[in-house]
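So that the names make sense, note that chain A is the first sequence line, chain B the second, and so on, each numbered from 1.
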2 protein chains.
Amino acid sequence: MADQSSKKATIYDLSVLSGASASTVSAVLNGTWQKRRISADTADRILSLAKAQRYTTNLQARGLRSSKSGLVGLLVPVYDNRFFSSMAQTFEGQARARGLSPMVVSGRRDPEEERRTVETLIAYSIDALFIAGVTDPDGVHQVCARAGLPHVNIDLPGKLASSVISDNRGGAQVLTEAILRHAAQGGMLSPDDVVLFGGHDDHASRERITGFHAAKNAFFGVESGDDIEITGYSPRMTELAFERFYARESRLPRCLFINSSINFEGLLRFMGRHDGEAFGDIVVGCFDYDPFASFLPFPVYMAKPNASEMLKRGFELLEAAPERPVLQMIEPQLILPRTALVGPLDDIRDPVAPSKSFDQRHG
Amino acid sequence: MADQSSKKATIYDLSVLSGASASTVSAVLNGTWQKRRISADTADRILSLAKAQRYTTNLQARGLRSSKSGLVGLLVPVYDNRFFSSMAQTFEGQARARGLSPMVVSGRRDPEEERRTVETLIAYSIDALFIAGVTDPDGVHQVCARAGLPHVNIDLPGKLASSVISDNRGGAQVLTEAILRHAAQGGMLSPDDVVLFGGHDDHASRERITGFHAAKNAFFGVESGDDIEITGYSPRMTELAFERFYARESRLPRCLFINSSINFEGLLRFMGRHDGEAFGDIVVGCFDYDPFASFLPFPVYMAKPNASEMLKRGFELLEAAPERPVLQMIEPQLILPRTALVGPLDDIRDPVAPSKSFDQRHG
DNA sequence: TGTTATTGCACCATCGATTGTGCAAAAAGG
DNA sequence: CCTTTTTGCACAATCGATGGTGCAATAACA
């Protein structure tokens, strides 16, 4: 009500209105007034003035002066799959809880774009960066290092900065064991029935392949090779890999390890093109979690990386700022078929009040 | 190589190194040097110096001075479903293409948090805001208006600012017709077999309910009521609604209209708790698109809002800045069961080179 | 050669906050 | 009553970039 012009009030406006100096106003508003021995009277007066004028700090000005912006970045390759979007959601919550402003950006798996994007973030003086699923971690690291920007790698290892990663090998092994066990119930299994699709030459894929082979070799008692279809992280390439396999073998492998939900979409596209055919006898293990994928018309085992825990560790590492880069490993969770987990969505306040039956069931 | 200290170079550093004044350096670096009649020689010299020193503009300083930050915000309720995460992905691309820095934030469907979040964005002097799926559009609008911040509503109507929305009524009608037609093939259908789950008292839900009823009434030739289960946008509430229905009727409705993929997750949770039972005879229509949902073991028709087009129109509206708020309507797309669409992911450069068979198939 | 135009750039205030320092007035101590 | 301490605040520099203005040096013209 007290604002006449539509311009935003500054400390100078409040200074004039209150009769105090701008530095006093500033101290009152940023909470350092006790340290500066401003009287409680003056502080109260200024605070209520600020409220009446709807004052809000210009964070660009503050950031410029104090070279702290209050922004934390999260760099993901892409948003639109459940893994990264759920990570973004969790990140936002954790950043806000620490009084920081989250800024999520995507590098689109292009080393050049990744660097440019990080440069931009740095140009806004972000205070810290979480790097998740980038193509060229060390390139990004160098950009950060030059700018003196604290950063951690999430779910991918970097030699140059601390990292929190999933146990890809162990997770893949457990996942592979699960699908082997399940598929074996459907009849005799041969090593050729068990194929991995997706990934490329990155750390996570290599580890998962190792885990996959470990489980497979243990199961069959023989070394097996030629069971990996590298497709990158692209639905289209994965679809083509499935088409090739199908053209060659006239069927899908009975037991499929799929490297990520993005690759899984490639399988969906393949299936969409083969509409009449049933693929009821396949068993899929996917290193990722998506609730809808879990209910597909064939058994889908999933390994869910613990994004929430990884981010939490990431924040801790940033605060601790260890001398030398450390690497922490977090276990992914094996998710059985037909499982719809609760997620970050469930933390949000519900606009519809809990009903009676809610209390009855969960009381 | 030329950077000794780890501090970032400023125009003053370049000024000293080049012998030119800071204002000259500034003009050269921001491209206004022709207007300021700086010689090409000087400009070249400064530009190569800047490159050598890895100079990048401090965008906080620029923003402070010019009260333009280059930031555009997108406010979504939550990230982690395909609709909003895909919207975020598209938004990022479109913003970058316009030379802007996208900032995606979530308001978590809490009016208070929505306002706070927008206040924060304003404090960073963002230049424009896209508001998508907020609980209290007009509250957010007032915050924007006070700050003189240009903004548009995406996929939700607001009386106070321009909006680009989906044709919820028409889309729902088409979707309902599709599931009715499909379900009718499975035998005689009664109005009681056709139920809508999800939504609450917001514009989109009301419109969808209207479209749902229009299609249903046309199909059965009678007015039908008591076929709406309001659950909010919460998986848990939706799950409970299904449980209640199931407890009452000992079955699911044969023909289900689900208001959004978030509500659909509630159905998954219900199904996860009823593991042995088959729900093979149901037909689902969901006002949202998710590729995995499209391949579930029952027919799933989906209506996909055209986020990309809505955002494009949003940018256009911001540029045109019409006198009075306008409202534009975009048709959603009906997606048949077992369809895996290409999406923003397919625009990104693929790290794995196209193989021979790729060329063969698409050549 | 003298005068006007043009070129090429430097100077300086400014955006809105933060923070080290200094200095009166009031309070405390002797 | 005089000195020392404490209280309460104002002043001014600063963060890095922008853009209006002014002023030499050079070029163009008569």
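- Salt bridge absent: Arg116(A) and Asp110(A) never bring a charged side-chain N and a carboxylate O closer than 4.0 Å.
- Ser23(B) contributes a side-chain N or O that forms a donor-acceptor pair with the base of dC11(C) under 3.5 Å.
- A donor-acceptor pair under 3.5 Å is formed between the side chain of Thr10(B) and the backbone N or O of Tyr12(B).
- Separating the CZ atom of Arg37(B) from the P atom of dG19(D) is a distance of 16 Å, rounded to the nearest angstrom.
- Contact annotation: the side chain of Val134(B) never approaches that of Pro77(B) to less than 4.5 Å [non-hydrogen atoms, C-beta and beyond].
- To the nearest angstrom, P of dT14(C) lies 17 Å from CG of Asn58(A).
- Counting to the nearest Å, the P atom of dT6(C) and the NZ atom of Lys35(B) are 19 Å from each other.
- Between dA10(D), dA17(D), dC15(D), one nucleotide has an atom nearer to the side chain of Leu64(A) than all others, and that is dC15(D).
- One donor-acceptor pair, N or O on each side, does fall under 3.5 Å between the base of dT14(D) and the side chain of Arg65(A).
- Heavy-atom distances to DNA chain D give each of Leu29(B) and Ala40(A) a nearest nucleotide, and the one nearer the 5′ end belongs to Ala40(A).
- Remark: Ser26(A) is in phosphate contact with dT18(C), judged by side-chain N or O atoms under 4.0 Å from OP1 or OP2.
- The residue among Thr56(B) and Arg36(B) whose nearest nucleotide of DNA chain D lies closer to the 5′ end is Thr56(B).
- Taking only side-chain atoms of Ser39(A), from C-beta outward, the nucleotide of dC9(C), dA17(C), dC9(D) with the closest atom is dC9(D).
- Between Glu319(A) and Arg98(A) there is a salt bridge, with a side-chain nitrogen of the basic residue lying less than 4.0 Å from a carboxylate oxygen of the acidic one.
- Between Ile46(A) atom CD1 and dG8(D) atom P there is a gap of 13 Å when expressed in whole angstrom units.
- Spacing between atom CG of Asp13(A) and atom P of dC15(C) amounts to 11 Å, rounded to whole angstrom units.
- Each of Ala61(B) and Ala20(B) was assigned the nucleotide of DNA chain C with the nearest heavy atom; the assignment lying further toward the 5' end belongs to Ala20(B).
- In the set dC9(D), dA17(D), dC9(C), the nucleotide with an atom closest to the side chain of Thr24(B) is dC9(C).
- OP1 or OP2 of dT18(C) sits under 4.0 Å from a side-chain N or O of Asn30(A).
- Relative orientation of the Phe91(A) and Phe130(A) rings is perpendicular, given thresholds of 30° and 60° on the angle between their planes.
- Residue Leu59(A) contributes atom CG, which lies 14 Å from atom C1' of dC15(C) at whole-angstrom precision.
- Going from atom CG of Leu14(B) over to atom C1' of dA17(D) covers 12 Å, rounded to whole Å.
- A salt bridge links Glu113(B) with Arg96(A): at least one charged nitrogen is closer than 4.0 Å to a carboxylate oxygen.
- Distances were taken from every side-chain heavy atom of Thr42(A) (C-beta onward) to each of dA17(D), dC9(D), dG16(C); the shortest belongs to dC9(D).
- Taking 4.0 angstrom as the limit, Tyr55(B) places a side-chain polar atom (N or O) nearer than this to OP1 or OP2 of dA17(D).
- The side chain of Ser21(A) sits closest to dA10(D) out of dA10(D), dC9(D), dG16(C).
- Following rounding to the nearest Å, Arg62(B) (CZ) and dG16(C) (P) show an atom-to-atom distance of 18 Å.
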